[in-house]
Each structure stands twice: as structure tokens, then as C-alpha cells.
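For reference, the structure discussed in these notes is given below.
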Amino acid sequence: MDPMQKIKEKIESLIERALEQINIPAPEIVFSVPKQTVHGDLSTNIAMILAKEAKKPPRVLAEDLLRQMMPLPDWIEKAEIAGPGFINFFLKPHAYFNSLAMIMKEGKKFGSTKKGKGEKIILEFVSANPTGPLNVVSARAAAVGDTLANLLKAAGFKAHKEFYVNDVGNQIELFAESLRARYLQALGKEAAIPEEGYQGEYLKRLGEKLARSSFRRTPESSHFKKVGLKKMLDGQKKSLKRFGVVFDKWYLQSDLIKKKKLQKSLARLKKRGFLYEKEGAVFFRSTAFGDDKDRVVQKQDGEYSYFASDIAYHEDKFKRGVRVIDLFGPDHHGYVARTRASVAALGFDPEKLTILIIQQVNLLENEVVVKMSKRAGKLITMDDLLDEISPDVARFFFLQRASSTPLDFDLALAKKETPENPVYYIQYAHARIASIFRKAKTVIPAKAGIQSLLDPDFRRDDEKVDLSLLTLPQEKELAKKLLQFPEVIAEAAKDLAAHHLPFYALELAKEFQAYYSHAKQDARYKVVDAENRPKTLAKLYLLKNIQIVLQNALKLMGISAPERMESKDVASPI
RNA sequence: GCCCCCGUAGCUCAACGGAUAGAGCACCAGCCUCCGAAGCUGGUGGUGCGUGUUCAAUUCACGCCGGGGGCACCA
């Protein structure tokens, strides 16, 4: 449920009735929450939208509307016309406080909605080649993809996380050859890593390990492929787990061929007239759907192209889900048009396919860009990253940025900034509330009711809490902020914009910290007051709600919500 | 040449087409007998250029300028 939505709907019907009175058909009415409190709690631009149609200046129309709306319901303090013709509504605190019970009641579920109607979405991300360890770009994709999946679930979709394993093709052969060479080298034999092969240290180590496990004769190339692949996949899974990302499915490209899915997809395309032969190769007519040129699906040598597998994979995904979301790396943006074309050619709605490009991560070292290449063996791995900074910090760092923009990542800087990282700010707000509760437990006389509020499983009915005792302006603002959470989730899920989440959490933490800090100057802001039990309860109630929302937001980002912040580095008060 | 991403504060990034463009870091000045100073308060400082659409443009369209990336019968 979304309490804010209900408030909006109520005002909406007021406006609709007013429009009816002056004979203007009502369009969709949009509200925004003004940045400044002087502009009220909710604002609409309806008078400016309709000014032309009404043949009146916006402000005059706004006045007409306002007159029709009188008298306002008791939960609206006042309504004003401002600026070029905004109608601003000022709500009484109880309009918000009354909805807090819902946050308490829903707990971990607060913020979730059912807008997705259980629609299944297949979300594919990371999908790095199984030829080496995951790098930082994969880390970014993992953080974003995982949080998008969480957001979609919270918005009422069924999100399925999938990792596509490119275990077929030239790069795998090169990989196997490179490993074989390392193996032979470890045995002291002459062997060269193929040109374009994989030079990384990790293969050297693996080759040495294989050499130690005494083979009587040099194994077949296929053996290196098999062992190497397994090793790489296990390593990738381990890194991802360390990062807190677990996939629902690891989908093998080779399965598409084994299970004849690839062949069937191509047959369908052929039947529909989108395939043709030229110079001994088979082409897909992607230009029929706006691609620059047609694309090869079967090469002259009879092998299927990577793209052919991808066609089959997308068909398979569309058979399993209503919507498909792909997170591509920046080097794959050229694939967007042809992928979309293939989906359309197979008869699926291309609108149901969303391809997000997770932009590159420029790794910097002392402000100099470090070029990464898996084949040349120059890379900074996800594990290297996690050796330096915690998963919480890394995830937050990646989530803060819109994923469609390139990201400069200075490892040295990231490490240095760790103590000041904003993620701690949010966690600290959460821990601080926990701390206040610990304090309250010792100070407030133990009555039957209060224990329940201090208990994690507290529910509203356990004890009457009089929220009208919350009279400070910041308390109303905090309640307002909390109630915006479901909309934040819904919007972020709709736009697939994970970065809204950290910003919201930061804002909420900020408002709380500022509110809390007033207590030093002003006793009215003090939460725990042994002399005033009802007021303490009301404040604790609000704080509990803040804590719940912070928890839920952090959970969506895959970040922990600690009860205490513990660090030796940070000095405690003298 | 074509395609994609990006130009917002000294740096890293925000801003459903809305009102006085916001945060963090950095810098300056204050604040711990009192629920955690990983904190709070105040200050310095910004939309690359041009034209259009609109009541309203950081946002949309077009054109420049600048930075990055991609344009395989490799995956």
C-alpha cells in the first residue's frame, strides 16, 4: 500500500470536482513534492497546464479552482497560489502521522507495492566471459543488476536473475590453448601462449597446479577447456557471493546448441523469411528492423556466430518471461539494434526488451587511466577491489551513479575515502536509532506497553501511542519523507534507475541526523525523557519508522544495517 | 565517416519539463559536563556554446565545441 498515493487521490478528486464546476474536463493531475517547505507539502501545476484551454491566465484559473474547492477538508491546513500558477497544499501533521501505523505494520514489506502484478521479468547481467576473474566493470554490473532485481521485486514483479556463460567459441579455444601452454611451461617444456591468447597470471598458477597433479601424458585440449572453465566459473561465483550477489540461473551458451534451441530459432527465422545466404554464409536480415547492416548467423566454415546463440537465448528468455532486461557492457552497444531486430523478427514485442548499457569504469591510478585487458592479463579484479574496500562501500559507490554514465574509479582514492564514504552516514543513522532505543530501555520505566515498542516485533496495537504529541516541524517533515518511500521504489523500478535509492536514503539519514542534533541546543528535541513517557513513546515510534525505512532501503541495495558502528579508527568523544 | 555515452561547484555525482539547480569530498569559521562528533551549524562556489519548442529548458529537438567508447563471417 502507498499512503501518499491515497492523500494525492483525495486532493485529486477535490480538483476534479472543482474543474467540473467550471466546465473544464479534467486531464491527468500531477503532483510534486516541492523542495522548499514554503511551497507547501504537495503542489500541482494543473492551472498552468489548463490555462490555454480555459483562456485565462494560470493564476486566475488557479484562483477559480481554489474558490470551488472551499471549504477544504480538515486535514488540509491551507492552499495557496504561488509563482506562475502553482497550487500548493499545506497539510496538517496528522495527515501524515496517521499513516505511520502502516509503516509499523508492514515493517520489512513497507515500500513494496503490487504494481508489477507478478509479471515475470528475466534480468540478465554480468555475463562475463568464463576466461578469467571478474573485473570491476562486472562488479558495477553486479551491483546495479542485483539492486534492480530487488527493486523490481519490491515493485511487485517476479524478477529472475540470470548469468549467461559464453562457453563456446574462439575465445574458449584460445583460453584452453593458453592454459595448456602454461601447463607445459610448468613442466619445463617449450610452449608458447598463442597470439591473442590469455597472458594473465591466474592461468600460470592454474597451469602449475595442474602440472603438480601428475599426468602421465599431456592431456587433450578438451581437458584443459573443461577444467579451466570449471575453475573460472567457480571463481566468478565465489567473487559474486563475496559481493552478495547470487544468480538464480547460470545459463550455458553450449546448452543452446546441445538442446537444438539455436537451430530451432534459426529455422523459425528462415521460415519467416529473414535469413538468406551470401558468399557461403547465412545472414539475418536485421536491416528490415532498422539495423545498419545484416548480420551473419552461420559462418562460411559452418560454425554458428555468437549472435546466433544470442538470438536463441533471447527467444528462450521471452518464452519464460513477459519482459526481458539485458545489462550490456559498453563494448556491446553495437549489439542493441541487432538484438532488438531478432526479437522482433521472431514475433515478440521489441518494446518488452530493455537493454541497458552499463557504462565503462575507468580505472584510475593516481589520476592516470589504467587500460584493462583480460587477454593481456592487465586487470584489476573484483576480488582486488573487495580486498581494499568492503562490499557495502563498493556497492554503494556503484549504485550512487546513474549506470548509463561512465564512471571514474580511483582505487587509491576509494580506499582513502572509505572512512568518509556516505554509506557509513546512512548506516550510522540506523545505528544511532538503535542506540537511542538501547538508552530508552534503561531510562524509561518498564511498563507492560513500553517493552513492546522497544521490541523488534512491536505492532501498533500493542500500546496506544499519541502521535499528536509530535509537534515539531521536522517531525512532520520526517513523516512526509518516510511516506515517499513506496513512490521512490516504484519510480526507480519503472525507470530502472537504481541510483535513486542511495540518494533517497542519504536524504532521509540527513534529515534524521539534523533533527537528532537539535537536542543539544533544544530540549524539546530530546527523544528519551524519563519524565515524559507519552512524548518519549511518540518520538520512539517515529524513530522506529525511520529505522524501518532505512533498513528496507539498505536491504534493497544489498548493504548491511548495523545496530552499532564499530571502528577503532574513529575516536569516541573525549 | 557512422553509432553510443558524457559535458552541472575545485573534485565525484543528483535534479517525473517546474518555483531560489541540490548532496558528498575538499576548503574556511564555530559546536562534545547532556540519547554515539562516522555527527551538527554557517560560509565560499556551478548548468560548454548557439538556435528552436514551451506559460516554464540542466532536462526536449537541431547544430556546433570538447572528452570517452564502439563500428568482425571474435566472443
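In what follows, chains are A, B, ... by sequence order, proteins preceding strands, each numbered from 1.
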A/His518 NE2 - B/C35 P separation (whole Å)
17 Å
With sugar-phosphate meaning primed atoms plus P, OP1 and OP2, does A/Gly169 contact a base, only sugar-phosphate, or nothing at under 4.0 Å between heavy atoms?
sugar-phosphate
Quick check on RNA chain B: between A/Ala281 and A/Asp495, whose nearest nucleotide comes earlier from the 5' end?
A/Asp495
For A/His499 and B/A14, is the gap between ring centres under 5.5 Å while the planes differ by less than 30°?
no
Considering only heavy atoms and no angle criterion, is a donor-acceptor pair shorter than 3.5 Å present between the side chain of A/Glu279 and the base of B/C73?
yes
B/C35 P sits how many Å from A/Gln521 CD, rounded?
13 Å
Pick base, sugar-phosphate or nothing for A/Arg295, based on heavy-atom distances below 4.0 Å to the nucleic acid.
nothing
Given the C1' atoms of B/C49 and B/C11, what is the spacing between them in whole Å?
24 Å
Every stem of 3 or more Watson-Crick or G-U pairs under 3.5 Å that RNA chain B joins, in order of first number, is B:1-7 with B:65-71, B:10-13 with B:22-25, B:27-31 with B:39-43, B:48-52 with B:60-64
Which nucleotide, B/C13, B/C35, B/C40, lies nearest any side-chain atom of A/Ala514?
B/C40
Taking atom C1' in both B/U47 and B/G43, compute the distance separating them and give it to the nearest angstrom.
22 Å
I'd like to check A/Val297 versus A/Phe307 (side-chain heavy atoms, cut-off strictly below 4.5 Å). Are they in contact?
yes
Is it true that A/Thr113 and A/Asp2 share a donor-acceptor pair across their side chains at a distance under 3.5 Å?
no
For atom C1', what is the distance between B/U8 and B/A21, given to the nearest Å?
8 Å
Taking atom C1' in both B/A14 and B/A29, what distance in whole Å separates the two?
27 Å
Take atom P in B/U54 and the same atom in B/U59, then report the distance between them in whole Å.
16 Å
A/Tyr425 side-chain N/O to B/C40 phosphate OP1/OP2 under 4.0 Å
yes
d(CG, A/Leu407; C1', B/C11) in whole Å:
14 Å
I'd like to know whether A/Arg432 forms a side-chain hydrogen bond (donor to acceptor under 3.5 Å, both in side chains) with A/Gln513, so could you lay out the CA-CA distance, the side-chain angles of the two residues, the decisive distance to 0.1 Å, and finally the verdict.
CA-CA 9 Å; A/Arg432 200 170 221 180; A/Gln513 296 278 29; 2.3 Å; yes
Output yes when at least one side-chain N/O atom of A/Tyr515 is less than 4.0 Å from OP1 or OP2 of B/C35, else no.
no
Checking all strands, does A/Phe307 fall into the base, sugar-phosphate, or nothing category for heavy-atom contacts under 4.0 angstrom?
nothing
What distance, rounded to whole Å, do you find between the two P atoms, one in B/A61 and one in B/G1?
23 Å
Check ring pair (Phe, Tyr, Trp, His ring centres under 6.0 Å) between A/Tyr425 and all other residues, then give those that pass, not counting sequence neighbours.
none
For the side chain of A/Ala82, starting at C-beta, report the closest nucleotide among B/A19, B/G24, B/C73.
B/A19
Would you please say whether a donor-acceptor pair under 3.5 Å links the side chains of A/His500 and A/Glu491?
no
Answer yes or no: is there an ion pair linking A/Arg340 with A/Asp291, defined by an N-O contact shorter than 4.0 Å?
no
Once you apply a heavy-atom cut-off of 4.0 Å, does A/Ile172 come out as touching a base, just sugar-phosphate, or nothing?
nothing
Scan A/Gln36 against the nucleic acid and name what it touches under 4.0 Å (heavy atoms): base, sugar-phosphate only, or nothing.
base
B/G48 and B/G67: how far apart are their C1' atoms, nearest whole angstrom?
12 Å
For A/Thr147 and A/Val144, indicate whether the former's side chain and the latter's backbone hold a donor-acceptor pair under 3.5 Å.
no
Please tell me which of the listed nucleotides, B/A14, B/U41, B/A19, lies nearest to the side chain of A/Asn88?
B/A19
5' precedence on RNA chain B between A/Gln300 and A/Ser517 (nearest-nucleotide basis):
A/Ser517
Donor-acceptor pair, side chain of A/Glu177 and main chain of A/Tyr198, under 3.5 angstrom:
no
A/Ser560 side chain to A/Gln427 side chain, donor-acceptor N/O pair below 3.5 angstrom
yes
Do we see A/Phe86 stacking on the base of B/A19, given a limit of 5.5 Å between centres and 30° between planes?
yes
Does B/C35 have its OP1 or OP2 closer than 4.0 Å to a side-chain nitrogen or oxygen of A/Lys539?
no
Quiz question: going by heavy-atom distance under 3.5 Å, is there a donor-acceptor pair between the base of B/A19 and the side chain of A/Ser43?
yes
Please list each protein N or O that sits under 3.5 Å from an N or O in nucleotides 54-61 of chain B, with the distance.
from  : atom 1 : to      : atom 2 : distance (Å)
B/C55 : OP1    : A/Lys52 : NZ     : 2.9

Can you tell me, in whole Å, how much space there is between the P of B/A26 and that of B/C40?
13 Å
Is the closest side-chain heavy-atom distance between A/Pro58 and A/Pro84 below 4.5 Å?
no
Quick one: which of B/C35, B/G36, B/C13 gets closest to the side chain of A/Lys439?
B/C35
Tell me whether B/C25 sits syn or anti, counting syn as a glycosidic angle within 90° of 0.
anti
Please give, in whole Å, the distance from B/G36 P to A/Ile436 CD1?
7 Å
A/Phe396 CZ to B/C13 C1', straight-line distance once rounded to whole Å:
11 Å
Could you give the OH-to-P distance, from A/Tyr424 to B/A37, as a whole number of Å?
19 Å
Counting side-chain heavy atoms from CB outward, which of B/C73, B/A14, B/C34 is closest to A/Thr405?
B/A14
Nearest whole Å is fine: how far is B/A38 P from A/His430 NE2?
18 Å
Kindly determine whether A/Phe163 and A/Phe125 satisfy ring pair (Phe, Tyr, Trp, His ring centres under 6.0 Å), including the steps that lead there.
CA-CA 6 Å; A/Phe163 189 121; A/Phe125 56 103; 8.3 Å; no
Considering only side-chain heavy atoms of A/Gln360, which listed nucleotide, B/G68, B/C35, B/C16, is closest?
B/G68
For A/Phe283, does the six-membered ring have the charged nitrogen or CZ of A/Lys278 within the cation-pi criterion, i.e. under 6.0 angstrom from the centroid and within 45° of the normal?
yes
Categorize A/Ser435 for me: base, sugar-phosphate, or nothing, with a 4.0 angstrom heavy-atom threshold over every strand shown.
base
Measuring to OP1 and OP2 of B/A15, would you say a side-chain N or O of A/His500 lies under 4.0 angstrom away?
yes
A/Ile357 CD1 to B/C71 C1', in whole Å, measures 14 Å
So, is the end of the A/Lys544 side chain (NZ or CZ) under 6.0 Å from the ring centre of A/Phe437 and within 45° of the ring's axis?
yes
Selected nucleotide, minimal atom distance to A/Lys510 side chain, candidates B/U41, B/C3, B/A37:
B/U41
Quick one: is B/C71 close enough that its OP1 or OP2 comes under 4.0 Å of any side-chain N or O from A/His332?
no
What contact category does A/Val297 fall into here, base, sugar-phosphate, or nothing, at under 4.0 angstrom with non-hydrogen atoms?
nothing
Flag for A/Gln171-A/Thr131: side-chain donor and acceptor within less than 3.5 Å
no
So what does A/Phe175 hit on the nucleic acid, given a heavy-atom distance under 4.0 Å: a base, only sugar-phosphate, or nothing?
nothing
